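One structure is given here, and the rest of the page talks about it.
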Amino acid sequence: MDISKKYNFKESEEKWRKYWEDEKIFAFEENSEKQIFSVDTPPPYASADHLHHGHIMSYAQAEFIVRYKRMRGFNVFYPMGFDDNGLPTERFVEKKYNIDKSKISKKEFIELCLKETEISSQTYKKLWSSLGVSVDWSRTYSTISPLATKVSQGSLIDLYKKKALYQKEAPVLWCPSCQTALAQADLEDKEEESKINYINFKGEDGSNLTIATTRPELLPACVALYINPTDKRYKNLIGKMAKVPLFDYSVPIKSSEKVDVNFGTGIMMVCTWGDKEDLEKWQLDNLDTRPLILENGKLGELAGKYQGLDLRDAREKIIDDLKKDGFLGKQEDITHFLNVHERCSTPVEFVNSKQWFIKISTPELKEKWLEMGKKIKWYPEDKFKILEMWVNSLKWDWCISRQRYYGVPLPIWYCEECSEPIFADEKDLPVNPIKDKPPVDKCPKCGSNNIKPEEDVMDTWATSSCTQFLIRELVESKKDKERLYPPVVRPNAFEIIRTWDFYSIVRSFYQFNDIPFENLMISGWGLGQDGKKLSKRLKNYTPPEEVISEYGADSFRYWATGAGLGQNLRFSLDEIQKGKKTTTKLWNAFKFLSMQIEDFDLNKVKAFKDASLDYSDNWIIEELNSTIRLATTEFEKYEFAKARNYIDDFFWSKFTDRYLEFVKYRLYGDDIESKIAAQWTLYKVFLAILKLFAPIMPFVTEEIYQSGFRDIEGYKSIHISNWPDKLYLENNQKKDLAEFNIVLDLIDEIKRYKSENNLSIGAELENYQLEKIKPNIDVFGDFIKKVMRIKNLSS
RNA sequence: GGGCAUGUAGCUCAGGUGGUAGAGCGUUUCGUUGACAUCGAAGAGGUCAGAGGUUCAAGUCCUCUCAUGCCCACCA
């Protein structure tokens with residue numbers, strides 16, 4: 001056999017990548033009787049310029065399990081999607097082309113978005129396949145595609161029929177920068193340094209009523225003052241009026257137990273929707289409505305001379321004027337958290353507008369979400385808490401309409417006369433109301449023929465929360481479509497539990513009264529070498545393709561086994577280096593084997609009786625069996641990290657460090673029977689090792705399998721071969737290994753002796769005196785002498 | 001303010017159901033010419049964050065404290 005001296009990962013990885021694709025090794029078999037293992041993998045966001053080892057880690061980790069399952073004989077369904085619609089893509093395109101939205105047509109803009117998403121999905125595909133992700137590339141989808149549009153529009157119509165979708169005009173979370181409505185899940189926290197301003201209102205008797213606020217720009221939207229009824233200082237004020245400074249109009253003074261007596265002055269200003277507290281009081285007490293903030297984040301008419309100013313500018317001007325007119329008391333520094341839009345970090349506002357919502361926030365529904373969540377098996381279990389906390393903190397229904405361009409259109413038209421919504425006919429899907437005709441000529445309610453299209457698009461999560469029933473549309477077979485729901489596993493990082501996973505639970509519940517997937521495998525984040533969160537700004541990562549080209553995909557994947565389920569993992573060149581060492585070690589072991597089993601004869605192997613196995617053969621086989629058992633148990637629990645530890649330990653410390661040394665004298669010797677037994681054991685054990693490593697390091701294991709084992713085993717690829725079984729030894733031929741363990745201890749002792757005496761491990765000893773450790777010399781004497789090169793053992 | 005993690009050798013981390021601390025990397029010494037210097041052997045290195053408790057016995061269980069990370073809420 002011609003085995004190259006060094007393992008060339010570049011050549012090898014390229015070769016097998018192509019082979020797998022050409023030979024369709026990872027293709028899902030339709031209409032097969034085999035049990036299905038289906039994976040609903042996260043469709044990554046379109047902008048591929050931010051790819052880092054966090055992505056590598058989480059996709060690799062999921063993939064270890066997929067490859068393992070494939071070797072367990074499952075018919076693996078592993079499609080890939082690209083989440084290209086929606087705000088993230090729009091912002092990416094805006095930034096990349098430096099777009100001024102007022103100077104570009106909607107059509108041109110969407111075309112740019114489509115173009116970019118195409119480029120990005122190619123970048124992804126290239127990276128994923130160079131990493132060896134065993135996706136069936138003949139089954140892909142994008143969330144802007146007609147298929148995804150059809151599925152998500154159909155689902156929405158279904159929800160409307162089930163009265164889970166409704167339209168309402170109400171104050172809604174709004175991003176003044178993106179100029180669209182948002183959902184609670186689109187928010188994140190941002191710490192901000194600000195000031196609490198003490199501002200004097202005038203009471204009916206002309207006295208000063210001082211309030212404290214961080215948002216003085218909302219003064220013209222003030223609709224009431226609130227006082228805690230137990231607050232003795234102000235008790236007599238309740239029911240009276242107060243005059244707003246600068247704007248000179250009166251507002252009522254009301255009472256609420258929710259007012260914190262100790263905050264500020266104990267008098268609270270309530271405006272037309274500065275925050276959710278304002279909203280509650282507005283609803284509860286039927287307060288006046290003074291809408292101030294416009295959709296573009298500027299102040300409206302009510303602001304008087306401040307009209308048209310940005311919120312920030314208005315704040316400054318108003319403070320100046322308050323100061324000038326003597327309405328401003330002290331100012332205190334404060335650090336507080338603002339809700340900002342996670343895509344652009346702009347503080348959100350409440351703006352009154354008409355939007356579509358999916359019901360999610362009633363106490364009964366919250367119960368339902370948790371009940372569904374509990375039916376899903378979580379890996380690791382404790383991450384269920386994240387869902388629980390999120391569900392418990394839900395305050396509003398899910399607003400799914402977005403005033404944007406690049407997204408899946410809402411399949412709705414309206415009657416101009418009576419505002420009745422008219423939903424598309426399911427047989428017409430997908431539809432784009434702006435281009436397509438409505439399903440009816442006349443409004444079914446009032447008969448008007450004045451019908452206009454909805455122009456809004458859906459929240460991106462409104463489409464991606466359907467992937468669990470979208471992916472099955474990628475197969476033809478009706479029977480398989482049914483078998484593919486729900487998917488067996490969804491692998492994703494923990495930060496999208498509250499969005500992707502949660503929304504999917506909602507959608508599947510409404511649609512099928514079922515869970516969206518059976519198992520949820522949560523990965524952590526890949527962190528920078530510095531232990532910090534990866535960020536493009538900090539530049540604390542190396543582009544993954546550079547790591548792959550320098551160290552190889554197998555080594556990179558090896559690093560990704562370093563963190564347990566749900567745990568974060570630092571980037572570490574040392575760990576990647578260790579992966580590389582493992583590939584080299586596997587290669588070298590193979591080189592040794594292929595020399596030693598060159599005269600390996602399959603017929604002899606078939607005729608082989610394990611009676612001629614000696615103690616060391618028995619020992620390594622038993623160690624292997626226990627490694628297989630442990631690794632399999634861990635893989636079944638998705639604990640790839642633990643599985644890898646067992647495999648590593650067996651390969652390095654049992655197989656190469658010990659067993660290979662034990663067999664050399666037999667391989668070089670002339671006892672044919674013993675030599676064949678050693679060859680047989682080497683062959684069987686090493687093949688099992690390859691298979692154990694195959695899910696983690698698919699390239700090097702494939703290379704070795706193809707050059708040394710395929711001809712004998714017959715599978716087209718190690719990755720569709722069978723997962724190793726225990727090597728079965730007839731009981732009566734099994735040797736008592738307790739005795740052999742004493743031999744192992746003795747060998748350690750002799751090694752220590754040689755080391756302490758500055759002798760090489762291979763140095764020949766005339767005599768070795770047995771002291772504490774005394775194995776049975778009659779049985780093991782010969783073995784010990786040959787392995788440790790000792791002429792005489794005396795006791 | 002509430003919650004969830006984490007805190008074990010210089011570094012990165014393993015350590016079911018409590019019983020004399022482990023690995024890899026690093027470091028020191030020695031060795032390696034029939035697979036492998038991408039190697040092997042041996043050694044040094046730990047009051048297992050701290051305090052208290054339960055127990056014959058605690059890294060492992062309980063309570064509290066401290067530090068770090070994340071999530072949720074929040075002062076109008």
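Proteins come first, then strands; the chains are lettered A, B, ... in the order of their sequence lines, and each starts at number 1. Just so it is clear, the structure is predicted and the values come from calculations on it, not from any experiment.
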Phosphate OP1/OP2 of [N]: any [X] side-chain N/O under 4.0 Å:
X         : N       : answer
Tyr668(A) : rA35(B) : yes
Arg752(A) : rA42(B) : no
Lys664(A) : rA35(B) : yes

Check your understanding: What's the verdict on salt bridge (charged side-chain N to carboxylate O under 4.0 Å, His left out) for Arg752(A) and Glu756(A), showing C-alpha distance, side-chain angles and the deciding distance?
Key -> CA-CA 6 Å; Arg752(A) 209 174 305 129; Glu756(A) 276 163 10; 5.5 Å; no
Considering only the [atom1] atoms, how many Å lie between [N] and [M], rounded to the nearest integer?
N       : M       : atom1 : result
rC48(B) : rG10(B) : P     : 12 Å
rG7(B)  : rC25(B) : P     : 22 Å
rG31(B) : rG15(B) : P     : 38 Å
rA76(B) : rU17(B) : P     : 46 Å
rA21(B) : rU54(B) : P     : 24 Å
rC4(B)  : rA44(B) : C1'   : 39 Å
rA14(B) : rA9(B)  : C1'   : 13 Å

Complementary nucleotide of [N], counting Watson-Crick and G-U pairs under 3.5 Å:
N       : answer
rC36(B) : none
rC64(B) : rG50(B)
rG1(B)  : rC72(B)
rA14(B) : none
rA57(B) : none
rU20(B) : none
rA42(B) : rU28(B)

Would you indicate what [X] reaches in the nucleic acid, counting non-hydrogen atoms under 4.0 angstrom: base, sugar-phosphate, or nothing?
X         : result
Asn568(A) : nothing
Val259(A) : base
Ile199(A) : nothing
Ile334(A) : sugar-phosphate
Thr656(A) : base

Review point. Is the charged tip of Arg644(A) near the ring of Tyr558(A): under 6.0 Å from the six-membered ring centre and within 45° of its axis?
Key: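 Yes, a cation-pi geometry.
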Review point. Cationic tip of Lys281(A) within the cone over Tyr226(A)'s six-membered ring, i.e. under 6.0 Å and within 45° of the normal?
Key: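 The answer is yes, since Lys281(A) meets both limits relative to Tyr226(A).
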Using a 3.5 Å cut-off and no angle test, enumerate the donor-acceptor pairs between side-chain atoms of residues 262-272 of chain A and protein atoms at least two apart in sequence or in another chain.
{"residue": "Thr265(A)", "atom": "OG1", "partner": "Thr210(A)", "partner atom": "O", "Å": "2.5"}
{"residue": "Thr265(A)", "atom": "OG1", "partner": "Ile267(A)", "partner atom": "N", "Å": "3.2"}
{"residue": "Thr272(A)", "atom": "OG1", "partner": "Arg290(A)", "partner atom": "N", "Å": "2.7"}

Salt-bridge contact [X]-[Y] (side-chain N to carboxylate O under 4.0 Å):
X         : Y         : answer
Glu332(A) : Lys330(A) : yes
Glu661(A) : Lys664(A) : yes
Glu217(A) : Arg215(A) : yes

Give the nucleotide from the list [options] with an atom nearest to the side chain of [X].
X         : options                   : answer
Ser755(A) : rA76(B), rU38(B), rA41(B) : rA41(B)
Thr213(A) : rG40(B), rA76(B), rA35(B) : rA76(B)
Asp382(A) : rA42(B), rA5(B), rG34(B)  : rA5(B)
Ser760(A) : rA35(B), rA76(B), rG31(B) : rG31(B)

Review point. Which sits closer to the 5' end of RNA chain B, Thr583(A) or Tyr226(A), going by the nucleotide each is nearest to?
Key: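 Checking each residue's closest nucleotide, the 5'-ward one belongs to Thr583(A).
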Check your understanding: For Arg570(A) and Ile196(A), take the nucleotide of RNA chain B holding the closest heavy atom to each; which residue's nucleotide lies nearer the 5' end?
Key ->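 Per heavy-atom nearest nucleotide, the more 5' residue is Arg570(A).
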Check the distance between [N]'s [atom2] and [X]'s [atom1] and give it to me in whole angstrom.
X         : N       : atom1 : atom2 : result
Asn758(A) : rG40(B) : CG    : P     : 20 Å
Ile227(A) : rA76(B) : CD1   : C1'   : 14 Å
Lys751(A) : rG43(B) : NZ    : P     : 12 Å
Leu534(A) : rC70(B) : CG    : P     : 13 Å

Review point. rC36(B) base to Lys585(A) side chain: any donor-acceptor pair below 3.5 Å?
Key: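 For Lys585(A), whose side chain was compared with the base of rC36(B), there is a donor-acceptor pair (under 3.5 Å).
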Kindly give the atom pairs (protein nitrogen or oxygen, nucleotide nitrogen or oxygen) under 3.5 Å for nucleotides 72-74 of chain B.
{"residue": "rC72(B)", "atom": "OP1", "partner": "Arg498(A)", "partner atom": "NH1", "Å": "2.3"}
{"residue": "rA73(B)", "atom": "OP1", "partner": "Lys395(A)", "partner atom": "NZ", "Å": "3.4"}
{"residue": "rC74(B)", "atom": "OP1", "partner": "Lys276(A)", "partner atom": "NZ", "Å": "2.5"}

**Study point:** Test applied, side chain to side chain contact (heavy atoms under 4.5 Å, CB included); reference residue, Ile386(A); option that passes from Phe494(A), Phe502(A), Trp378(A)
**Key:**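 One option only clears the test, and that one is Phe494(A).
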Practice item. Applying side chain to side chain contact (heavy atoms under 4.5 Å, CB included) between Arg658(A) and each of Val663(A), Asp748(A), Val787(A), Ile620(A), report the one that passes. Key: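 Testing Arg658(A) for a side chain to side chain contact (heavy atoms under 4.5 Å, CB included) against Val663(A), Asp748(A), Val787(A), Ile620(A) leaves exactly one candidate, Asp748(A).
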Check your understanding: Shortest non-hydrogen contact from Ala563(A) to Phe640(A)?
Key ->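 For Ala563(A) versus Phe640(A), the nearest heavy atoms are O-CE1, 3.2 Å.
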Revision key, fill the gap. Per-nt protein contacts along nucleotides 14-27 of chain B (heavy atom under 4.0 Å; B base, S backbone sugar-phosphate only, - none) come out as SS--------SS--
Review point. Ring pair (Phe, Tyr, Trp, His ring centres under 6.0 Å) with Trp273(A): which of Phe350(A), Trp174(A), Trp282(A)?
Key: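 It is Trp282(A), the one option of Phe350(A), Trp174(A), Trp282(A) that forms the ring pair (Phe, Tyr, Trp, His ring centres under 6.0 Å) with Trp273(A).
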Exercise for review: Consider only side-chain N and O atoms of Asp501(A) and Asn492(A), and report whether a donor and an acceptor are under 3.5 Å apart.
Suggested key: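 Side chains of Asp501(A) and Asn492(A): pair found under 3.5 Å.
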